[in-house]
Amino acid sequence: MLFAKKFALGLAQVLTVTLLATGMVGCTDDSDTIRRIQTQRQIALQKQSQQDHLGETVSLLSQFMELNEEKASRQISYHLNQWSQANAAKDADGGVPELASTLTDVVPENIIREEILRDEFRPTDVSVLRDAYLFRQAVQWIDAPIRDDLLLADWLKELPKEIGEDPALQLQTAARLFDWTIRNVAAEPLDSSEGVPPQVPRPQLPFGMKLEGPGYRQTLFQSIWRGRGDALQRANVFTALCQQAGVSSAVLATQSEDDGSLNPWAVGVLAGDEIYLFETELGLPIPGPDQVGIATLSEARKEPTVMRRLDVAGFYDYPLSRTDIQQSVALLNTRMEAMSPRMKKLQSGLTGDRRMTLYMNVDEVAKRWDDVSGIAGVRVWTMPLLADIYQAEARRMVDRDPLFSFWFMSRWAVLEGEDEMAKNLTSGRWQHLTGRFADDEIEGIKGARTRYLEQRAPEFEIEDLRINVDLQKRYGLRRGLGIESQQYDQQLQQIQMFMRLGKRTATHWLALVQYDDGRFETSGNWFGKRVLDEEQMSMWEDSARYSLARTKEHSGNWEEAIELLKDERTVTGHGNRLRARLVDKSFQE
């Protein structure tokens with residue numbers, strides 16, 4: 001960059017001297033020529049500066065998980081502000097959108113206004129960019145025919161004749177993103193608060209939140225990063241993927257007549273003039289009339305059988321009926337930062353491979369949704385904001401209370417810790433989500449498969465860790481001065497626990513990589529023989545059983561798929577039984 005500036009300056013000086021020597025400088029027209037050349041030079045330098053700062057931003061985002069988060073956030077905000085200052089003449093117009101007022105139950109109006117209208121990029125903006133970058137990268141490889149749901153494939157092929165090419169393509173993309181979300185974000189109960197050990201201290205949480213409560217207990221990033229989440233967190237991931245794919249989506253909620261509270265029940269995707277329904281707790285799109293395709297909101301409101309067939313006789317009753325969903329509130333999944341003119345300006349500056357969605361014109365989007373029958377209003381979804389508040393309060397508690405800190409931090413230390421095993425799994429997870437499954441031999445970068453395989457230490461090696469000093473040295477373990485043998489042994493036992501957890505997590509994700517790469521038979525072997533190994537059961541059991549059933553569908557083993565889906569040991573038993581019924585109807589009859 002410095003060389004380029006010196007070269008350009010020198011070129012301008014040589015050009016000026018040449019013009020003087022030839023007698024071309026001195027009249028008004030000649031001065032205009034020189035000023036025009038100098039102006040062009042300044043524009044060229046500004047463009048070069050713009051390119052560099054945005055290039056540095058995207059480069060830092062692509063390596064974000066390997067960098068120090070605090071330092072990387074400062075560097076990114078610096079480059080964005082430099083770019084913004086160089087393009088001050090192109091500042092985006094805009095004020096506070098009307099829909100932002102729907103957040104005032106959670107954030108004071110003056111804070112909303114300040115957050116949206118400030119020109120300066122701050123480190124707090126970086127999480128929005130990180131998420132947009134990651135989800136954009138994920139969309140680019142997820143949206144492919146190999147990831148089509150077999151139950152929808154024939155219906156989607158015929159759909160362009162009914163609703164047009166563009167809406168059909170958008171719905172096809174949405175179906176792929178939804179299917180990936182359900183397979184890759186393992187289902188958890190909506191409320192996990194009862195599972196918190198009684199000895200764990202409870203932080204003082206605002207807005208009626210509770211420790212491990214529904215939806216807000218994880219951020220959007222944590223849900224996709226950890227690959228686990230409840231129905232609301234799955235909805236968060238799915239709608240964020242849709243946004244990066246240019247598909248309009250919203251969480252649909254019924255509203256209580258007693259206290260006005262909102263109860264999310266599905267995710268709607270707006271394709272053409274219709275809203276198509278995806279149910280993240282069941283883990284499948286709501287079937288249309290005659291149990292074919294995906295139901296629209298208008299069909300669910302008019303046809304009693306659409307909602308009634310979500311019951312599984314003798315097992316499950318769906319909590320909502322046709323009359324319950326006559327009016328729904330559409331909740332847009334966006335952030336305050338994403339409503340700001342600075343994000344609108346930045347989005348317009350990112351072109352080509354750097355393109356990602358950073359801005360939402362919420363008032364314009366809200367009008368489109370509000371015009372659809374059955375939508376009784378549009379609001380900004382507060383759940384992502386509550387998740388940020390929850391995390392901030394929990395982190396404050398981490399700093400104050402050692403017992404809470406151990407419970408809160410240790411659960412995901414296998415992925416988010418500072419040791420080499422965690423860093424290796426982190427690298428593999430990033431490669432996985434950005435679609436880099438295989439090694440890049442030219443760049444010398446290990447892909448997700450290799451990173452996950454490296455995490456799978458043999459069981460006999462993990463078992464021998466407590467008694468084998470040479471093995472301890474190989475893993476960089478040393479008994480510190482003043483550490484009693486019993487205390488050191490306890491430390492080794494904890495390390496063994498984390499090694500097994502890391503191994504089983506990597507094994508599950510490796511099986512998912514094989515599925516997403518179209519290697520369904522290999523994926524099935526990993527799920528069936530390794531993840532579901534009775535001697536090494538883990539928190540991934542439910543998800544693995546569902547994914548194994550999906551591999552059986554691809555191999556045409558319908559009976560085995562149905563049997564796995566009917567297993568009663570899963571969190572998503574209701575949705576799995578519905579899928580078993582659909583598989584039986586579609587492929588067994």
Side-chain angles (χ1 to χ4, degrees), residues 1-2 5 45-97 100 103 107 110-137 219-222 224-225 240 243-244 333-362 384-385 387-389 391-392 395-396 416 426 430 433-434:
M1 180 68 184
L2 182 60
K5 288 183 177 179
L45 286 174
Q46 287 178 349
K47 286 184 178 180
Q48 182 65 41
S49 176
Q50 169 186 337
Q51 187 80 6
D52 286 344
H53 286 299
L54 290 186
E56 285 294 329
T57 295
V58 175
S59 178
L60 287 166
L61 289 172
S62 69
Q63 308 169 63
F64 196 85
M65 298 311 298
E66 299 176 3
L67 305 173
N68 176 280
E69 182 176 348
E70 184 177 346
K71 183 177 179 181
S73 296
R74 288 199 305 269
Q75 290 177 324
I76 290 171
S77 55
Y78 164 78
H79 285 294
L80 290 176
N81 285 319
Q82 292 298 308
W83 171 83
S84 184
Q85 290 171 14
N87 292 270
K90 300 179 181 179
D91 284 346
D93 296 328
V96 178
L103 291 174
V107 183
N110 63 310
I111 300 298
I112 295 174
R113 184 176 183 82
E114 194 278 334
E115 193 63 34
I116 292 176
L117 295 183
R118 62 178 166 85
D119 296 326
E120 180 189 17
F121 287 93
R122 296 175 184 169
T124 52
D125 289 319
V126 174
S127 62
V128 178
L129 271 72
R130 175 205 59 197
D131 293 354
Y133 175 85
L134 177 58
F135 278 71
R136 174 64 181 172
Q137 293 297 310
T219 63
L220 169 64
F221 178 77
Q222 288 171 330
I224 195 173
W225 185 243
Q243 186 175 5
Q244 291 303 320
N333 186 8
T334 191
R335 303 275 295 271
M336 286 188 292
E337 297 90 339
M339 304 181 215
S340 67
R342 67 183 179 280
M343 286 295 182
K344 180 180 181 181
K345 174 183 172 182
L346 177 58
Q347 179 176 294
S348 67
L350 295 168
T351 58
D353 293 340
R354 298 173 179 175
R355 188 161 48 92
M356 62 184 96
T357 302
L358 300 171
Y359 170 77
M360 180 185 291
N361 186 333
V362 290
L385 187 54
D388 288 339
I389 296 170
Q391 288 297 317
R395 293 287 173 175
R396 275 192 276 271
E416 297 164 5
T426 291
W430 185 260
L433 293 175
T434 55

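Treat the numbers as computed from the prediction; the structure is a model and nothing was measured.
- Note that CG of L129 is 10.5 Å distant from CD of Q347, once rounded to the nearest 0.5 Å.
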Would L61 and M356 count as a side chain to side chain contact (heavy atoms under 4.5 Å, CB included) if you check the C-alpha gap in whole Å, the side-chain angles of each, and the deciding distance to 0.1 Å? CA-CA 12 Å; L61 289 172; M356 62 184 96; 4.2 Å; yes

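- Side-chain contact between T357 and R136: absent, with no pair of heavy atoms (C-beta onward) separated by less than 4.5 Å.
- Here CD of Q244 is found 7.0 Å from CG of L358. Values are rounded to the nearest 0.5 Å.
- The pair R122-E114 meets the salt-bridge criterion, since a charged nitrogen lies less than 4.0 angstrom from a carboxylate oxygen.
- Residue Q82 holds its CD atom at 11.5 Å from CG of D52, rounded to the nearest 0.5 Å.
- Of the charged side-chain nitrogens involved, none lies within less than 4.0 Å of a carboxylate oxygen, so that E66 and K71 do not count as a salt-bridged pair.
- The ring-ring contact (aromatic ring centres under 6.0 Å, His included) check on W430 picks up nothing, with sequence neighbours excluded.
- Scanning all heavy atoms of the two residues, the minimum distance from N333 to M360 falls at O-CE, 4.2 Å.
- For the atom pair CG of L220 and CZ of F135, the computed distance is 3.5 Å after rounding to the nearest 0.5 Å.
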Would L346 and F121 count as a side chain to side chain contact (heavy atoms under 4.5 Å, CB included) if you check the C-alpha gap in whole Å, the side-chain angles of each, and the deciding distance to 0.1 Å? CA-CA 10 Å; L346 177 58; F121 287 93; 4.0 Å; yes

Worked check of side chain to side chain contact (heavy atoms under 4.5 Å, CB included) between Y133 and Q137: CA-CA 6 Å; Y133 175 85; Q137 293 297 310; 3.7 Å; yes

Check the pair K345, W83 against side chain to side chain contact (heavy atoms under 4.5 Å, CB included), reporting the backbone distance first and the verdict last. CA-CA 11 Å; K345 174 183 172 182; W83 171 83; 3.7 Å; yes

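- Across P384 and R335, no two heavy atoms sit closer than the pair CB-CD, 4.4 Å.
- Surrounding CG of D353 are at most 12 heavy atoms belonging to other residues, nucleotides or ligands under 6.0 Å away.
- Evaluation of the side-chain hydrogen bond (donor to acceptor under 3.5 Å, both in side chains) rule for S62 yields no partner, not counting sequence neighbours.
- Of the N and O atoms on the side chains of Q63 and S59, at least one donor lies less than 3.5 Å from an acceptor on the other residue.
- Pairing each heavy atom of I116 with each of G95, the nearest pair is CG2-O, 4.2 Å.
- Other residues, nucleotides and ligands contribute more than 12 heavy atoms inside 6.0 Å of the CD atom of E416.
- Taken to the nearest 0.5 Å, the OG1 atom of T334 stands 11.5 Å off from the CG atom of L385.
- You'll find the side chain of D125 stays beyond 4.5 Å of the side chain of L80, heavy atoms only.
- Rounded to the nearest 0.5 angstrom, N110 CG and E115 CD are separated by 11.5 Å.
- Looking at heavy atoms from C-beta onward, I76 lies in side-chain contact with F64 at the 4.5 angstrom threshold.
- Judged as a side-chain hydrogen bond (donor to acceptor under 3.5 Å, both in side chains), and not counting sequence neighbours, E120 has no contacts.
- Within a 6.0 Å sphere centred on CZ of R118, other residues, nucleotides and ligands contribute more than 12 heavy atoms.
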